[in-house]
Amino acid sequence: MAHAIRTNNEATPEETIRQLARQHGIVAERTATDELADTITRLSGDDVIHDEIEDLVVTLRRKGFITSEQATSLYGEYLESA
């Protein structure tokens with residue numbers, strides 16, 4: 001199911017991620033496990049800051065539209081560009 005990621009070399013990583021999500025009808029989804037992880041993080045004294053792009057990448061991966069390697073690469077590129 002995973003496809004080559006970059007089709008437009010001029011697209012930013014965020015644009016690429018949003019385009020992939022639109023192409024596959026994906027919206028950022030959070031699971032009960034995500035909420036539990038947030039609660040544990042807060043209880044340990046850390047702040048939880050949600051990032052829609054991160055959630056889109058995770059959802060694309062969970063649904064099988066990109067591989068783990070592609071998710072890591074895309075999100076890393078996104079963080080570097082921010």
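Since this is a predicted model, take the numbers as computed values, not measurements.
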Would you check, one step at a time, whether the test side chain to side chain contact (heavy atoms under 4.5 Å, CB included) holds for Arg61 with Ser68? CA-CA 6 Å; Arg61 171 61 196 115; Ser68 294; 2.9 Å; yes

Trace of the side chain to side chain contact (heavy atoms under 4.5 Å, CB included) decision for Tyr78 with Ile17: CA-CA 9 Å; Tyr78 165 71; Ile17 293 163; 4.1 Å; yes

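The line from CD1 of Ile53 to CG of Leu79 is 10.5 Å long, rounded to the nearest 0.5 Å. We find the CD1-CG distance between Ile26 and Asp55 to be 12.5 Å, quoted to the nearest 0.5 Å. Annotation: the span from Thr12 atom OG1 to Gln19 atom CD amounts to 10.0 Å, rounded to 0.5 Å. Summarising the geometry, atom CG belonging to Leu60 is positioned 5.0 Å from atom CD1 belonging to Ile66; distances are rounded to the nearest 0.5 Å. His24 NE2 to Lys63 NZ: the interatomic distance, rounded to the nearest 0.5 Å, is 12.5 Å. Once rounded to the nearest 0.5 Å, the distance linking CD of Glu15 with CD of Glu10 reads 10.0 Å.
One finds no salt bridge joining Asp47 and Arg42 here, because no Lys/Arg side-chain nitrogen approaches an Asp/Glu carboxylate oxygen to under 4.0 Å. Note on Glu52 versus Arg18: salt bridge recorded, some NZ/NE/NH1/NH2 to OD/OE distance being below 4.0 Å. Looking at Arg62 and Asp34, a side-chain N of the basic residue comes within less than 4.0 Å of a carboxylate O on the acidic one, giving a salt bridge.
For the residue pair Thr41 and Asp38, no side-chain donor N or O sits within less than 3.5 Å of a side-chain acceptor on the partner.
When the side-chain hydrogen bond (donor to acceptor under 3.5 Å, both in side chains) test is applied to Ser73, the partners found at least two apart in sequence or on another chain are Glu77.
Within the 4.5 Å cutoff, side-chain heavy atoms of Leu74 are placed close to those of Thr16.
Contact detail for Val48 and His50: the closest heavy-atom pair is CG1-NE2, 3.7 Å.
Grouping Ile, Leu, Val, Met, Phe, Trp and Tyr by side-chain contacts under 4.5 Å, direct or through others, puts Ile40 with Leu36.
Although no hydrogens or angles enter the test, the distance criterion places no donor-acceptor pair under 3.5 Å between the side chain of Glu54 and the main chain of Asp51.
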